[in-house]
Structures are given as structure tokens and as C-alpha cells.
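To keep things clear, I will list the structure first and then write my remarks on it.
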Amino acid sequence: MAEGLVDLRSDTVTRPTPGMRRAMAEAEVGDDVYAEDPTVRALEERTAELFGHEAALFVPSGTMGNQIGMRLVCEPGQEVLCDADAHVVTYEMGAAAAVFGISTRTVVSDRGLLDADQLIAQVRPKGDWHLTSTAAVAVENTHNRGFGRVQPLGELQRLWDWSRGAGVAVHLDGARIWNAHVASGVPLETYGKLADTVSVCFSKGLGTPVGSVLVGSAERIATGRLWRKRLGGGMRQVGVLAAACLYALDHNLARLAEDHEHAQLLAKRLGVDPSSVETNMVVLDGVEAPLVAEAAKAKGVLVSQVSPSRIRLVTHLDVDRAGIDRAADVLAELLDR
Ligand SMILES: Cc1ncc(COP(=O)(O)O)c(C=O)c1O
């Protein structure tokens with residue numbers, strides 16, 4: 001972060017720490033397109049095990065993880081059902097349609113909150129000559145546009161139990177599943193076992209410069225490997241990147257609790273209901289977002305404008321307690337709170 005700036009725009013702005021850089025520099029590497037990079041293989045094996053699946057695939061981005069993940073459970077001409085604010089349909093440039101010929105259909109949710117019955121009611125059966133069949137449901141946890149909302153375990157379980165009988169797959173966009181795990185105490189494996197394919201990111205709260213992993217069955221991941229190559233995501237000596245991810249699992253996972261505490265502090269200082277802040281995101285509603293963002297920037301605090309009247313603050317490992325206090329002072333003064 002530029003000297004003196006408190007950057008709360010996103011948890012993607014983190015930069016690798018000296019320890020992480022050392023781990024990257026020292027990584028053992030090989031050609032990963034030949035599946036010969038030992039560090040990538042170690043990361044894939046560890047991530048698959050963490051989520052209770054057979055296999056995993058290192059991919060350059062969460063977008064690629066989600067899109068390949070959905071393709072593995074949905075054929076062209078079928079549909080994936082999800083909520084209208086899901087990252088997979090909001091921020092991934094229509095990739096499901098543009099790249100894979102997959103239709104998406106959405107339901108409007110309460111700030112991204114998963115309502116299993118609402119989704120189940122919309123599922124269209126296979127084998128009907130008139131209907132686009134629903135092959136999969138995509139769930140996001142935590143929910144980005146739901147401002148870090150943690151999905152209720154009971155709803156995830158309900159959806160999963162239903163999906164087994166219905167022959168509908170579940171894809172989990174777990175870009176921030178780490179935050180959900182730390183906030184709820186639900187084991188990663190429990191979340192993993194409630195989905196057929198799971199995409200997780202290391203480049204958000206875990207603080208790596210790049211890297212996501214897609215997990216699933218051995219058969220699906222073998223097919224995913226082909227898709228990754230087709231999309232130009234076959235990478236060579238990327239053990240240097242996988243090493244950052246392994247380092248993040250060892251050093252940056254448990255500390256997410258600190259980011260969540262920082263978000264609570266910001267909420268309290270800025271008059272936001274702390275119970276609406278479940279992980280590392282705080283939303284300021286009813287503000288003149290462009291004016292506030294500009295004025296805050298002039299005082300060294302960067303925030304995201306998510307609408308003309310809404311600002312989002314995201315806590316992460318590059319903002320310590322002093323930075324949080326400074327941001328709170330600046331924003332409290334600007335907003336008169
Ligand atoms: C919920 C969620 N899923 C997926 C992604 C995509 O990750 P990437 O930017 O690595 O493609 C993001 C990115 O912020 C995200 O917030």
C-alpha cells in the first residue's frame with residue numbers, strides 16, 4: 001500500500017509479506033503442465049483434503065475456478081441457478097454463456113442469503129422437451145455483494161440433501177470460505193462436503209498475490225485440467241505461487257479473526273449495526289458515496305463506492321489496528337457520526 005494510505009477497498013489489495021516472499025523464493029518447482037511441480041501438487045493435495053474431496057486443481061483466478069467448476073457440473077444448453085447478486089453472474093463477464101454455452105437463471109435474494117426452498121422451487125427438470133434443464137445450483141460463501149454474509153449451515157445442508165435425490169449438482173464459490181469458516185467455526189471439510197465442486201481463493205483475505213484452487217472428484221478434476229489448458233490456464237513453474245498459498249494456510253488463516261474484529265470496530269465507530277457485519281466487510285448506507293470516497297481519499301483512506309449512496313469497507317491483513325482507528329476517525333468526521 002502506498003505509504004500512509006489505509007486501503008479498505010477490498011481484501012484483494014494485500015501484498016505478499018516478507019515471510020511469504022521468502023517461501024515463494026525458496027519453492028521447489030517443476031513444469032505444472034506435466035503435473036511435475038511438487039509445490040503445486042502439495043497445495044492441490046492439501047486443499048482437496050481440507051475440503052474432504054478427492055482432487056484439486058490450481059488455477060490462476062477465482063473466476064477460472066468458478067467457471068471451470070460450473071462447466072464440470074453443467075453441459076452447454078443447460079442452466080446454473082443462483083442468486084441475482086452472485087459473483088458468478090455479476091462479475092465474471094458472462095463467462096458461463098460466452099465461453100461455455102451455459103445458461104444462468106437467478107432468484108432475487110435478501111443480501112445474498114441462501115434460501116434453499118426458494119432455489120429448489122425454481123429448478124427445472126431434465127428430460128422435458130420444453131424446458132432448459134437445471135443442472136446445478138451455485139452458492140457463494142461468504143457472499144461478496146451480501147457484504148461478507150456467512151451462509152447458514154442448515155440451508156446449505158438442506159440444499160445438498162435435496163440435490164442428491166434431484167440429480168442437481170451444487171457448485172460452491174468459496175472465494176472467502178475461509179472467512180465463513182473462521183466466523184462460524186464450521187469446519188472447512190463440512191462446507192466442502194456440501195458441494196460437488198468448490199472454488200477457493202488465496203488472493204483475498206489470505207493475502208497471496210494470485211491463486212485459486214478448484215476441488216472435486218478425481219474424475220471431474222481430471223476433466224477440469226483439460227479445460228484449464230484449453231483456456232490458457234496451464235502454467236509452468238508456478239510452485240512459486242503455490243508456495244505463497246501454502247504459506248497463507250499456515251500463517252494467514254486463523255488471523256482472519258482479527259480482520260473480523262476490525263470490521264466490528266469500524267461498524268461500532270460508524271453507527272452500523274454490528275450484527276449486520278458477519279466477517280470482514282462493512283457497509284455504509286445512505287451516504288453521498290462519490291463525495292465521501294473523494295474526501296476520504298484526500299485524507300489517505302480508500303473506500304469502495306458500491307452505489308451512489310453506498311460505501312463498502314473491507315478489512316484485511318495490510319490494515320492494522322492503527323489503520324482501522326485512523327480510517328474510523330476520518331470517516332466518522334466526514335459522515336458526522
Ligand atoms: C465471491 C467471489 N468469487 C469469485 C471471485 C473471483 O476471483 P478473481 O478475482 O480471482 O477472479 C471474487 C473476486 O473478488 C469474489 O469476490
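Just so you know, ligand 1 is whichever comes first in the structure, and atom 1 is the first atom listed for that ligand.
For the residue pair E92 and H87, a side-chain donor N or O sits within less than 3.5 Å of a side-chain acceptor on the partner.
Each of K126, R124, Q78 was checked for a side chain to side chain donor-acceptor pair (under 3.5 Å) with S133, and the lone residue meeting it is Q78.
Because its NZ or CZ atom is both nearer than 6.0 Å to the ring centre of W160 and within 45° of the ring axis, R164 counts as a cation-pi partner of that residue.
Counting only distance, with no hydrogens or angles, the side chain of D110 and the backbone of L113 share no donor-acceptor pair below 3.5 Å.
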Pairs under 3.5 Å, nitrogen or oxygen of ligand 1 with protein nitrogen or oxygen:
{"unit_1": "ligand 1", "atom_1": "3 (N)", "unit_2": "D173", "atom_2": "OD1", "d": "3.1"}
{"unit_1": "ligand 1", "atom_1": "3 (N)", "unit_2": "D173", "atom_2": "OD2", "d": "2.7"}
{"unit_1": "ligand 1", "atom_1": "7 (O)", "unit_2": "K204", "atom_2": "NZ", "d": "3.0"}
{"unit_1": "ligand 1", "atom_1": "10 (O)", "unit_2": "G62", "atom_2": "N", "d": "2.8"}
{"unit_1": "ligand 1", "atom_1": "10 (O)", "unit_2": "K204", "atom_2": "NZ", "d": "3.3"}
{"unit_1": "ligand 1", "atom_1": "11 (O)", "unit_2": "G62", "atom_2": "N", "d": "3.4"}
{"unit_1": "ligand 1", "atom_1": "11 (O)", "unit_2": "T63", "atom_2": "N", "d": "2.9"}
{"unit_1": "ligand 1", "atom_1": "11 (O)", "unit_2": "T63", "atom_2": "OG1", "d": "2.6"}
{"unit_1": "ligand 1", "atom_1": "16 (O)", "unit_2": "N144", "atom_2": "ND2", "d": "2.8"}
{"unit_1": "ligand 1", "atom_1": "16 (O)", "unit_2": "R176", "atom_2": "NH1", "d": "2.7"}

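Ionic pairing of E75 and R71 is present here: one or more N-O contacts between side-chain nitrogen and carboxylate oxygen are shorter than 4.0 angstrom.
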> side chain to side chain contact (heavy atoms under 4.5 Å, CB included) between V88 and T104: does it pass, once the steps are laid out?
Replying inline: CA-CA 9 Å; V88 295; T104 46; 5.9 Å; no

